[in-house]
Amino acid sequence: MHELIHRTTRVKRVCGGLLLASACYGSFKVEHVRGHHADIGTGADATTARAGESFYRYFIRLLPRNFCKAWRLEAQRLAQNGLRTMSFRNELIGWSLVSFGIATFFLAWLGWRGLTFFLLQSLVAIALLELIDYIEHYGLSRKRRADGTCLPVGAEHSWNSSFLLTNLFLLQLQRHPDHHLFPRRPYPLLRHIEDSPQRPAGYATMVVVALLPPLWRRIMDARLRAYLERSA
């Protein structure tokens, strides 16, 4: 679903939105493409995890901020087109209705247990998606020019890794710096960028490590400091 929302065709973007709505996370489609990719590595981007921040604190901080940011971005888009925020042209309202429809279906079909299952699987899906974002940008920030503006997004603002097994399963997703340089490049074509910060392992390992904050900080804080010292 992550790759689909970046595609150039409307059909693929809608499919990505439907997949996100099936986990009650349609707001990700708006905030990720129009917010995160523009603000990565700045204070305006809640998706860029701060150095020393645990995943759990990051997750609690990120959810309300990104939801409100998605609404603000969508309101701006609608206003530019002379449309009201509270209308069916609002993408977030559309995805929310899809999520509500799926929840209603599970409630009617399986009762409260079905609804509870749907909401729990949504929470797990959202947590896993944001866990990957946490891993991809932990502690990296964009430097500012003398006038206060940020430097352009570069390969140094995302963690990269190129382990064979993860690449085969996730179609090169872990080559994340190249994705931020070329968001519409299909995942199978993403390149390994040696000069970007490198994770010590693939997603399968790093997801488990990120859930254990002391171990995560022991591994990643040292790697982050080493990379920043080299790049300086």
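Residues take their numbers from the sequence shown, with the count starting at 1. Computed from a predicted structure; not experimentally measured.
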Expected output: side-chain Asp178 to main-chain Arg191 donor-acceptor under 3.5 Å: yes

Non-hydrogen side-chain atoms of Met206 and Pro200 separated by less than 4.5 Å: yes

Stepwise side-chain contact (heavy atoms from CB on, under 4.5 Å) test for Phe106 and Gln121: CA-CA 12 Å; Phe106 272 93; Gln121 69 85 31; over 6 Å; no

Backbone of Ala21 reached by a side-chain donor or acceptor of Lys29 within 3.5 Å: no

Same apolar cluster (I L V M F W Y, side chains within < 4.5 Å links), Leu129/Leu92: no

Gap between atom CD of Glu130 and atom OH of Tyr58 - 0.5 Å precision: 5.0 Å

Nearest heavy-atom neighbours spanning Ser22 and Ser122: O-OG, 4.0 Å

Whether Asn81 side chain and Leu83 backbone form a donor-acceptor pair below 3.5 Å: no

Heavy-atom neighbours of Tyr56 OH exceed 12 at 6.0 Å: yes

Distance in Å, Asp133 CG paired with Leu128 CG, rounded so as to fall on 0.5 Å steps: 10.5 Å

Residue Arg145 excluded, over 12 heavy atoms near CZ under 6.0 Å: yes

Spatial distance of atom CZ (Arg77) from atom CG (Asn90) [nearest 0.5 Å]: 7.5 Å

Test item: side-chain donor near acceptor, Ser196 and Glu194, under 3.5 Å: no

Any side-chain donor near an acceptor of the partner, His157 and His137, under 3.5 Å: no

Taking every non-hydrogen atom, the tightest pair across Asn160 and Arg175: OD1-CA, 3.2 Å

Same apolar cluster (I L V M F W Y, side chains within < 4.5 Å links), Leu110/Leu119: yes

Geometric class of the His179/His6 ring pair [parallel <30°, tilted 30-60°, perpendicular >60°]: perpendicular

Which atom of Gly202 lies closest to which atom of Ser161, heavy atoms considered: CA-OG, 4.4 Å

Close side-chain approach of Phe28 to Ile5, heavy-atom, < 4.5 Å: yes

Phe59/Ile126 under side-chain contact (heavy atoms from CB on, under 4.5 Å): CA gap, chis, key distance, verdict: CA-CA 10 Å; Phe59 188 59; Ile126 293 170; 4.0 Å; yes

Heavy-atom pair with the smallest gap, counting every atom of Pro183 and His37: CG-ND1, 3.8 Å

Neighbour count >12 (heavy atoms, 6.0 Å) for atom CZ, Arg89: no

Check: Phe118 ring centre within less than 6.0 Å of Trp109 ring centre: no

From OG (Ser158) to CD1 (Ile193), nearest 0.5 Å: 9.0 Å

Side chain Gln198, main chain Arg223, donor-acceptor under 3.5 Å: no

Non-hydrogen side-chain atoms of Thr42 and Thr48 separated by less than 4.5 Å: no

Hphob cluster co-occupancy, Val14 + Tyr25, side-chain heavy atoms under 4.5 angstrom: no

Arg185 vs Leu190 side-chain heavy atoms within contact, under 4.5 Å: yes

Exam field: side chain Trp95 to backbone Gly17, donor-acceptor pair closer than 3.5 Å: no

Ile135 to Trp159 - nearest heavy-atom pair and separation: O-CD1, 3.5 Å

Within one Ile-Leu-Val-Met-Phe-Trp-Tyr cluster: Met220 and Val209, side-chain cutoff 4.5 Å: yes

Arg50 side chain to Gly139 backbone, donor-acceptor under 3.5 Å: no

Donor-acceptor under 3.5 Å (Glu74 side chain, Glu91 main chain): yes

Nearest-0.5 Å distance that lies between atom CZ in Arg13 and atom CG in Leu18: 13.0 Å

Within one Ile-Leu-Val-Met-Phe-Trp-Tyr cluster: Val98 and Phe100, side-chain cutoff 4.5 Å: no

Main-chain N/O of Leu151 paired with Arg142 side-chain donor or acceptor, under 3.5 Å: yes

4.5 Å side-chain heavy-atom contact, Val30 and Phe67: no

Nearest-0.5 Å distance, CG of residue Leu73 to CD of residue Glu31: 7.0 Å

Closest heavy-atom pair and its distance - Tyr138, Glu53: CE1-O, 3.7 Å

Residue pair Leu215, Val208: steps toward the side-chain contact (heavy atoms from CB on, under 4.5 Å) verdict: CA-CA 10 Å; Leu215 179 60; Val208 176; over 6 Å; no

Side chains of Tyr203 and Glu136, donor plus acceptor under 3.5 Å: yes

Under 3.5 Å side-chain donor-acceptor pair for Asn66 and Thr47: yes

Plane angle bin for Phe55 and Tyr134 - parallel if under 30°, tilted between 30 and 60°, otherwise perpendicular: perpendicular

